[in-house]
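Chain letters run A, B, ... following the sequence lines, proteins first and then strands; every chain starts at 1.
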Amino acid sequence: MFTKIKYSVDIDKKWQKKWAEQNLYRFNEKDLSKKLYCLEMFSYPSGANLHLGHWYNYAAPDTWARFKRMNGYNVFHPQGFDAFGLPAENYAIKTGVPPEKSTRKNIQTMTEQLKRIGATFNWEYTLNTCDEEYYKWTQWIFVQMYKKGLAYRKDAPVNWCPKCNTVLANEQVVNGKCDRCGTDVYQKKMNQWFFKITDYAEELLQGIDKLDWPEKTKKIQKNWIGKSNGALISFDIEKEDGTTITLEAFTSRADTLCGLSYVVLSPEHEKVLDIVYNSHKEEVIKYIENAGKITELERMLNERKRTGVFTGAYAINPINGKKVPVWVADYVIASYGTGFVMAVPAHDERDFDFAQNHNLPILQVITDTKSDKFVTLPFCNHGKLVNSGKYNGLTTEAAITTIVKDLEKVGKGKLTSMYRLRDWLISRQRYWGTPIPIVYCEKCGEVPVPESQLPVKLPKNVEFTPTGDSPLKSCDEFMNTTCPICGGAARREADTMDTFVDSSWYFLRYPDNKNSHEIFNKEKINAMLPVDKYIGGQEHATMHLLYARFFTKVLRDLGYLNFDEPFLSLIHQGLILGPDGAKMSKSKGNTICPDDYINKYGSDVFRMYIEFAFSYVTGGPWSDTGIEGVAKFFTRIEKMFAEFYSLVSIKYDIIPQFDKDLVYAKNFAVDNISKDIEKFQFNTAIARLMEYTNAIYDYMKKEKINYALLKDCLDCYIILLSPFAPHFAEELWEQTDHTISVFNEKWPSVDEKALVKDKMNITIQINGKVRSNFLTDVNLSEAELINEAVSSAQKYLINKKIIRTIYVPQKLINIVVSDN
RNA sequence: GCGCUUGUGGCGGAAUUGGUAGACGCUGCAGACUUAAAAUCUGUUGGCCGCAAGGCCGUGCCGGUUCAAGUCCGGCCUAGCGCACCA
């Protein structure tokens with residue numbers, strides 16, 4: 001029998017225990033026909049309490065997952081930890097506690113706290129990237145990639161963070177500063193490991209359009225890959241000794257070739273010293289040395305001043321044989337294109353600026369298509385060609401293909417594309433990460449560790465304070481090993497991998513997390529993936545989300561996967577800011593601790609509040625005004641049920657007219673709540689639930705009540721409530737004489753007939769302004785409606801002439817009038 | 001500099017994609033219950049004019065398209081994000 005319920009944190013505990021005992025949310029591995037892989041980005045095991053961001057990231061998608069579960073889906077909803085990385089190591093440096101120890105402890109605390117959300121997580125599938133059983137396979141992937149030539153080592157100028165004492169990937173440098181600590185990053189030439197993500201540039205780009213991802217994220221990723229169509233053009237350069245050397249330049253404006261007035265090499269270009277004349281050598285070397293000292297940041301600041309030096313050499317324009325001077329200038333960057341550029345000052349701002357500074361000729365070869373009027377230089381738009389011999393009059397588009405075709409005939413040009421995307425630098429001079437499974441043997445050189453010897457274990461007792469050199473180097477027992485090929489003495493690679501490597505494939509491991517003899521069972525993973533719904537922050541648009549796509553494609557090409565994309569549908573949760581509107585941070589002291597709220601109100605109130613108070617994908621500043629309102633809403637629900645059980649039951653068979661409102665309200669609620677949850681619009685879904693609550697209250701005030709109908713509506717009510725307040729709904733379900741669990745119930749379906757109204761409210765507009773409205777029968781014809789509207793709006797029509805009427809079905813009639 | 005996104009009551013936020021702006025809730029105000037308070041319930045709550053009926057104004061600003069604009073177009077302002085010598 002129903003006893004009065006008072007929802008509190010005790011009810012959370014009761015049901016969390018029962019659900020765990022029954023393993024209620026168990027994933028059924030046997031039948032994957034309706035599997036649904038719902039995944040939130042895993043979190044970093046930080047020491048402090050679970051913060052608001054975690055709650056927001058996990059609780060709301062759990063509402064979606066529960067909804068899907070009740071709609072018959074076999075929901076797979078795993079949870080794990082991205083445990084390697086800088087924060088644990090920095091914490092260790094500060095406190096002296098080894099990262100291993102603090103991380104394990106944090107994982108334990110966080111797991112307990114995550115359980116307090118009362119989510120449908122499948123904990124038996126958990127993983128942790130710093131476990132040997134996990135990173136063994138991270139290393140295994142590295143070795144597979146190495147064998148395919150996708151992991152390679154090279155000397156390259158890399159981004160160095162002097163504070164973190166490590167190199168960074170391009171993706172981790174933001175405005176010339178370290179993404180992590182904000183320190184100015186500078187370039188350093190080092191020998192490092194890279195993943196050849198550029199091999200997949202085109203496919204990564206092409207695949208984006210097919211994804212159900214936020215448009216903005218797709219755009220960010222497209223821009224990051226940065227495809228640019230153009231042509232490679234070869235220039236012969238005459239050296240001082242009389243020989244010539246040929247260099248290729250990439251350009252998107254081959255049409256401007258006749259306006260060429262010089263060519264430029266970047267200071268880092270390997271052929272600079274080969275080309276330079278003796279008379280200019282000293283000056284050029286000095287220039288290169290200076291250019292090397294400038295950091296990324298300074299380069300950006302000095303973006304207006306374009307410096308450079310002449311090499312003494314001349315290049316031949318392949319289209320007309322004209323000789324142009326060869327310069328070295330740091331406005332040409334070595335890492336994009338070929339590091340060698342053709343300069344057309346009349347039609348490029350940078351070249352124009354440079355030419356003016358150095359008194360180089362400026363030849364106009366493009367003019368406006370529409371007017372032959374004088375155009376101001378530099379003219380960078382498209383147009384038509386002038387001063388270009390036989391190409392005169394062609395549009396720029398046509399000229400590009402014509403000119404490149406002509407060049408191609410003499411082997412001097414071809415159409416091609418360039419990408420902005422660089423290979424992914426994965427070496428880190430840090431301790432707390434996956435060791436790179438490579439050994440260096442004096443005889444055999446660089447040798448990948450064979451699969452049978454994996455994992456290369458991360459040693460425990462290492463001095464991990466960063467010195468700028470890899471901490472593992474100081475650990476002899478780690479470093480000294482034997483060569484897997486010849487058995488002779490060898491040294492291990494001392495760097496560890498970027499933590500983004502760990503997170504690039506974790507979603508592939510969850511469904512088969514205990515597999516000890518292979519990375520995962522192919523059949524199983526191909527049946528379980530792709531992830532159907534992925535939820536996480538937008539800040540990963542050019543990092544994790546790109547890397548994970550890359551790994552998926554690599555593993556597919558290695559024969560392990562039969563799909564191309566890991567995450568079909570992606571949602572970004574908004575960011576919850578501090579009450580001051582600034583990003584929450586401990587240093588600013590504007591963090592919010594969910595625990596206080598949970599202890600006071602219970603986790604369901606907290607969950608429903610964060611779902612109700614924000615638009616999920618937008619987020620916003622935190623404020624707890626309103627959480628009382630949600631708590632009150634819970635009380636109102638409790639009272640609603642108490643009131644129902646106190647009613648004298650009056651039963652009758654014929655549903656009178658006044659039951660219609662309730663039936664409508666129920667179906668309206670089911671319809672809209674379902675649609676809104678599906679779209680992650682939890683705030684409006686909850687609003688509709690509140691409306692349904694009000695409708696039930698209204699009904700209970702009536703003189704005559706159809707008890708069976710009301711009971712049915714209340715049962716439905718509990719189901720609709722359950723994804724938003726799982727513990728509370730489960731308690732109500734039990735108290736209203738049902739067998740648990742409410743989560744085994746089928747989500748209600750909509751009776752479309754109940755949503756058809758027999759009356760409609762038509763708005764009357766006069767000249768587009770709302771004047772009045774009238775309630776009428778839905779079956780009336782347009783003509784009848786207009787008549788009714790005109791007669792009911794008589795007072796607005798005095799001395800007016802009706803010009804036309806517009807009828808919007810079921811909604812409004814606009815009467816357009818003029819003065820008589 | 002280029003590209004994208006945002007701007008709605010005192011507050012959080014709605015608005016079926018061009019069709020009654022402000023759903024739902026918070027706050028405030030008034031009332032009921034109470035010795036009183038809390039809790040609960042009932043009304044009310046964009047601004048201005050009006051006793052009222054009613055009217056005028058109103059979705060960052062200026063203009064436009066349309067019978068009709070928060071929604072579409074052009075320009076500007078604001079806040080935020082992405083890229084930034086990409087040839």
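Under 4.0 Å is where a charged nitrogen must lie from a carboxylate oxygen, and between A/R688 and A/E691 at least one such pair does. A salt bridge does not link A/R350 with A/D353: every distance from a Lys NZ or Arg NE/NH1/NH2 to an Asp or Glu carboxylate oxygen is 4.0 Å or more.
Rounded to whole angstrom, the span from the CZ atom of A/F340 across to the P atom of B/rC86 amounts to 17 Å. If you take CG of A/N381 and P of B/rA87, they are 15 Å apart, rounded to a whole angstrom. To the nearest angstrom, C1' of B/rG25 lies 12 Å from CZ of A/R636. We find that CZ of A/F352 is positioned 17 Å from C1' of B/rA87, with the value rounded to whole Å. For the pair A/R771 CZ and B/rC56 P, the interatomic distance rounds to 5 Å; values are reported in whole Å. Note: NZ (A/K679) to P (B/rA14) measures 12 Å, nearest angstrom. B/rU5 atom C1' lies 13 Å from atom NE2 of A/H572, rounded to whole Å. What separates CD of A/E643 from C1' of B/rU40 is a distance of 12 Å, to the nearest Å.
Proximity of A/T542 to the phosphate of B/rG82: no side-chain N or O atom is located under 4.0 Å from OP1 or OP2. Put simply, A/Y336 has a side-chain N or O that comes within less than 4.0 Å of OP1 or OP2 on B/rA87. For the OP1/OP2 pair of B/rA14 and a distance below 4.0 Å, the side-chain nitrogens and oxygens of A/S615 include at least one atom meeting the criterion. Within the structure, every side-chain polar atom (N or O) of A/N672 is placed at least 4.0 Å from both OP1 and OP2 of B/rU16. OP1 and OP2 of B/rA87 both lie 4.0 Å or more from every side-chain N or O belonging to A/R350. Between A/R688 and the phosphate of B/rA14, there is no side-chain N or O to OP1/OP2 separation shorter than 4.0 Å. Within the 4.0 Å cut-off from OP1 or OP2 of B/rA21, not a single side-chain nitrogen or oxygen of A/K769 is found.
Nucleic acid contact class of A/G629 (heavy atoms, under 4.0 Å, all strands): sugar-phosphate only. As judged by a 4.0 angstrom heavy-atom cut-off over every strand, A/V770 is placed among residues touching the sugar-phosphate backbone only. Note on A/Y419: nothing from the nucleic acid sits closer than 4.0 angstrom, heavy atoms only. Heavy atoms of A/Y796 sit under 4.0 angstrom from primed sugar atoms or phosphate atoms, though from no base atom. If you check every strand for non-hydrogen atoms under 4.0 Å, A/Q765 touches a base. Among the atoms of the strands shown, only primed sugar atoms or phosphate atoms (P, OP1, OP2) are found under 4.0 Å from some heavy atom of A/G619. Heavy atoms of A/K701 sit under 4.0 angstrom from primed sugar atoms or phosphate atoms, though from no base atom. Among the protein residues, A/N223 comes within range of no part of the nucleic acid, since none of its heavy atoms lies under 4.0 Å from any strand. Within the nucleic acid shown, A/T251 comes within 4.0 Å of sugar-phosphate atoms alone, with no base atom in reach, counting heavy atoms only.
Checked options A/S261, A/P325, A/P345; the residue passing with A/P361 is A/S261 (criterion: side-chain contact (heavy atoms from CB on, under 4.5 Å)). For the side-chain contact (heavy atoms from CB on, under 4.5 Å) test with A/D255, the passing option among A/V344, A/I366, A/V365 is A/I366; the others fail.
To the nearest whole angstrom, the two P atoms, one in B/rU66 and one in B/rG55, are 27 Å apart. As rounded to the nearest Å, B/rG22 and B/rC77 have P atoms that lie 33 Å from one another. B/rU71 sits 14 Å from B/rG7 when the C1' atoms are compared, rounded to a whole Å. As rounded to the nearest Å, B/rC29 and B/rU78 have P atoms that lie 38 Å from one another. With P as the reference atom, B/rC48 and B/rG9 are 15 Å apart, rounded to whole Å. Annotation: B/rG70 and B/rA15 have their C1' atoms spaced 9 Å apart (nearest Å). Nucleotides B/rU65 and B/rU27 place their P atoms 46 Å apart, quoted to the nearest Å. A gap of 14 Å separates the P atoms of B/rC72 and B/rU17, to the nearest Å.
Among B/rG19, B/rC4, B/rC85, the nucleotide with an atom closest to any side-chain atom of A/K811 is B/rG19. The nucleotide whose nearest atom lies closest to any side-chain atom of A/F612 is, among B/rA23, B/rC67, B/rG25, B/rG25. Among the nucleotides B/rG13, B/rC24, B/rU20, the one closest to the side chain of A/E691 is B/rC24. Nearest nucleotide to the A/V808 side chain, out of B/rG19, B/rU40, B/rC26: B/rG19. In the set B/rC26, B/rA14, B/rC86, B/rC86 carries the atom at the smallest distance from any side-chain atom of A/I333. Taking only side-chain atoms of A/W224, from C-beta outward, the nucleotide of B/rA23, B/rC67, B/rC83 with the closest atom is B/rC83. With distances taken from any side-chain atom of A/K795 to the nucleotides B/rC4, B/rC85, B/rG54, the minimum falls on B/rG54.
Residues A/N761 and A/N683 each lie close to RNA chain B; by heavy-atom proximity, the contact nearer the 5' end of the strand is made by A/N683. Judged by closest nucleotide on RNA chain B, A/G620 is the one of A/G620 and A/V341 placed further toward the 5' end.
The aromatic rings of A/Y262 and A/W327 sit perpendicular, their planes meeting at an angle over 60°, well past the 30° parallel limit.
Taking the six-membered ring where the residue is Trp, the centroids of A/Y7 and A/Y601 are separated by 6.0 Å or more.
Shown here, B/rU71 is classed anti by the O4'-C1'-N9-C4 or O4'-C1'-N1-C2 angle, which is more than 90° from 0.
For the pair A/F724 and A/A685, the tightest heavy-atom approach, listed with the atom from each and the gap, is CZ-CB, 3.7 Å.
Within 3.5 Å, a donor on the side chain of A/R306 pairs with an acceptor on the base of B/rC85, or the reverse. Side-chain N/O atoms of A/K219 and base N/O atoms of B/rC4 include no donor-acceptor pair closer than 3.5 Å.
For the residue pair A/Y287 and A/T307, a side-chain donor N or O sits within less than 3.5 Å of a side-chain acceptor on the partner. In summary, the side chains of A/D423 and A/T198 do present a donor paired with an acceptor at a separation below 3.5 Å, with no hydrogens or angles considered.
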